[in-house]
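Down below is the structure, laid out as structure tokens.
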Amino acid sequence: MSPTIRRVAVFCASSPGVDPGLSRATYDVGRGLAGRGIGLVYGGGGHGLMREVSQGALDAGGEVLGVIPRSMIEREWGRDDLTELHVVETMHERKAMMADLADAFLCLPGGLGTLEEVIEVWSWRYIGFNDDPVGFLNLGGTWTPLLDALDGLADAGFIRREVLEDVVVAEDLDAALAGLTARLGVTPGAKLG
Ligand code: AMP
């Protein structure tokens with residue numbers, strides 16, 4: 001049987017940003033995951049886009065697992081109404097647990113924290129520390145400038161083309177899930193080494 005995605009770890013902003021359309025689109029991603037029977041793993045917060053994605057999934061009756069460092073509970077309004085809230089001690093534990101709980105990573109619009117998280121798991125994948133596929137859901141074209149910059153780094157010979165092509169870039173949830181599913185079970189070492 002071909003592998004399927006049971007849970008997706010979503011990275012996204014802890015702030016709402018200035019475009020209410022992105023909040024709605026993020027809420028719809030949460031609903032969309034739940035509607036497809038896919039569990040959501042996220043940072044456990046109740047602010048900004050993190051709130052939207054979790055609320056969308058909860059409203060649609062989905063499974064929502066949050067992972068939050070103890071010291072961030074107050075600052076990020078850690079939610080106590082999730083299917084499960086895992087409280088950890090460090091940011092590193094948070095990322096490692098999110099990786100353990102999910103089958104794939106999906107990056108929605110976000111800031112420094114989001115950026116740091118997605119780049120780290122992507123780099124883990126290509127050095128063989130983690131084989132969960134990684135994707136950008138490019139809502140509103142938010143990630144286009146970053147993707148262009150990464151393309152420039154590939155042109156300059158600092159990122160291998162196959163590493164760049166290994167990351168999913170999609171405009172809608174169906175395309176994102178299709179791309180991630182197609183990469184499940186691909187051993188990054190074998191593919192990218
Ligand atoms: P931001 O994109 O900056 O709004 O942050 C999104 C999420 O990333 C928030 O839950 C932050 O706590 C989290 N975050 C920030 N820095 C890090 C980090 N170094 N490692 C893991 N998560 C982080």
Side-chain angles (χ1 to χ4, degrees), residues 1-12 25-44 49-50 53-54 56-68 82-86 88 92-110 114-139 143 146-147 150 154 159-193:
M1 211 172 74
S2 48
T4 54
I5 294 175
R6 290 161 304 143
R7 292 185 188 138
V8 169
V10 168
F11 299 134
C12 63
T26 301
Y27 177 88
D28 288 343
V29 168
R31 284 197 75 92
L33 289 173
R36 289 164 179 78
I38 297 173
L40 168 69
V41 179
Y42 87 116
L49 299 190
M50 292 174 71
V53 72
S54 55
L58 289 173
D59 287 348
E63 176 195 52
V64 182
L65 309 182
V67 185
I68 194 165
L82 307 176
T83 315
E84 288 171 20
L85 181 68
H86 297 272
V88 295
H92 290 294
E93 282 178 56
R94 177 195 238 178
K95 270 182 292 198
M97 182 174 280
M98 288 175 73
D100 284 346
L101 291 171
D103 306 308
F105 296 100
L106 189 59
C107 180
L108 272 55
T114 304
L115 198 54
E116 190 276 342
E117 289 172 309
V118 69
I119 296 290
E120 180 160 45
V121 296
W122 185 10
S123 69
W124 281 350
R125 180 168 163 85
Y126 92 83
I127 55 178
F129 274 43
N130 155 67
D131 59 7
D132 293 345
V134 179
F136 287 87
L137 182 49
N138 195 21
L139 298 176
W143 291 115
L146 174 75
L147 296 166
L150 293 169
I159 300 178
R160 280 178 288 137
R161 275 281 154 205
E162 57 267 41
V163 170
L164 215 50
E165 284 159 12
D166 177 64
V167 85
V168 176
V169 178
E171 305 300 319
D172 61 61
L173 183 59
D174 276 327
L177 292 173
L180 292 171
T181 302
R183 287 161 176 78
L184 283 176
V186 173
T187 307
K191 185 176 178 217
L192 304 174

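Positions are given from 1, in the same order as the sequence printed here. Excluded from the calculations below are hydrogen atoms, water molecules and symmetry mates; all remaining heavy atoms, backbone and side chain alike, are included. Please read all numbers here as calculations on a predicted model, not as lab measurements.
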Checklist entry - Under 30°, 30 to 60°, or over 60°: which ring-plane class applies to Phe105 and Phe11, parallel, tilted or perpendicular? => result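 Geometry flag for Phe11 against Phe105: parallel rings.
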Next on the checklist: I'd like to know if the side chain of Arg94 reaches the main chain of Val88, judged simply by a donor and an acceptor atom lying under 3.5 Å from each other, with no hydrogens or angles considered.
Outcome noted: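 Not a single qualifying donor-acceptor pair exists.
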Checklist entry - Counting only N and O atoms by type, is there a donor-acceptor contact under 3.5 Å from the side chain of Asn138 to the main-chain atoms of Trp143? => result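 Answer holds: yes.
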Mind checking whether [X] and [Y] have side chains closer than 4.5 Å, heavy atoms only?
X	Y	result
Val64	Val41	no
Leu147	Val169	yes
Val121	Asp132	no
Glu116	Lys95	yes
Val8	Tyr42	no
Leu137	Cys107	no
Phe136	Leu146	yes

Hey, could you give me the [atom1]/[atom2] distance between [X] and [Y], rounded to the nearest 0.5 Å?
X	Y	atom1	atom2	answer
Asp100	His86	CG	NE2	10.5 Å
Thr26	Leu49	OG1	CG	4.0 Å
Leu101	Leu40	CG	CG	11.0 Å
Ser54	Leu82	OG	CG	6.5 Å
Met98	Glu117	CE	CD	6.0 Å
Glu63	Leu33	CD	CG	11.0 Å

Heavy-atom closest pair, residues [X] and [Y]:
X	Y	answer
Ala99	Trp124	CB-CZ3, 4.3 Å
Cys12	Leu108	CB-CB, 3.7 Å
Ala104	Ile5	CB-CD1, 4.1 Å
Met50	Gly43	CE-CA, 3.6 Å
Ala57	Ala34	O-CB, 3.7 Å
Pro3	Thr181	O-CG2, 3.7 Å

Please determine if [X] and [Y] form a salt bridge, counting it only when a charged side-chain N lies under 4.0 Å from a carboxylate O.
X	Y	answer
Glu120	Arg125	no
Asp174	Arg36	yes
Asp103	Arg7	no

Next on the checklist: What verdict does the salt bridge (charged side-chain N to carboxylate O under 4.0 Å, His left out) test give for Glu165 and Arg160, after you've listed the backbone C-alpha separation in whole Å, the side-chain angles of each residue and the deciding distance to 0.1 Å?
Outcome noted: CA-CA 9 Å; Glu165 284 159 12; Arg160 280 178 288 137; over 6 Å; no
Next on the checklist: Is there a side chain to side chain contact (heavy atoms under 4.5 Å, CB included) between Ile38 and Thr4? Walk through the geometry before answering.
Outcome noted: CA-CA 10 Å; Ile38 297 173; Thr4 54; over 6 Å; no
Next on the checklist: Apply side chain to side chain contact (heavy atoms under 4.5 Å, CB included) to residues Thr83 and Leu65 and explain how you reach the verdict.
Outcome noted: CA-CA 6 Å; Thr83 315; Leu65 309 182; 4.3 Å; yes
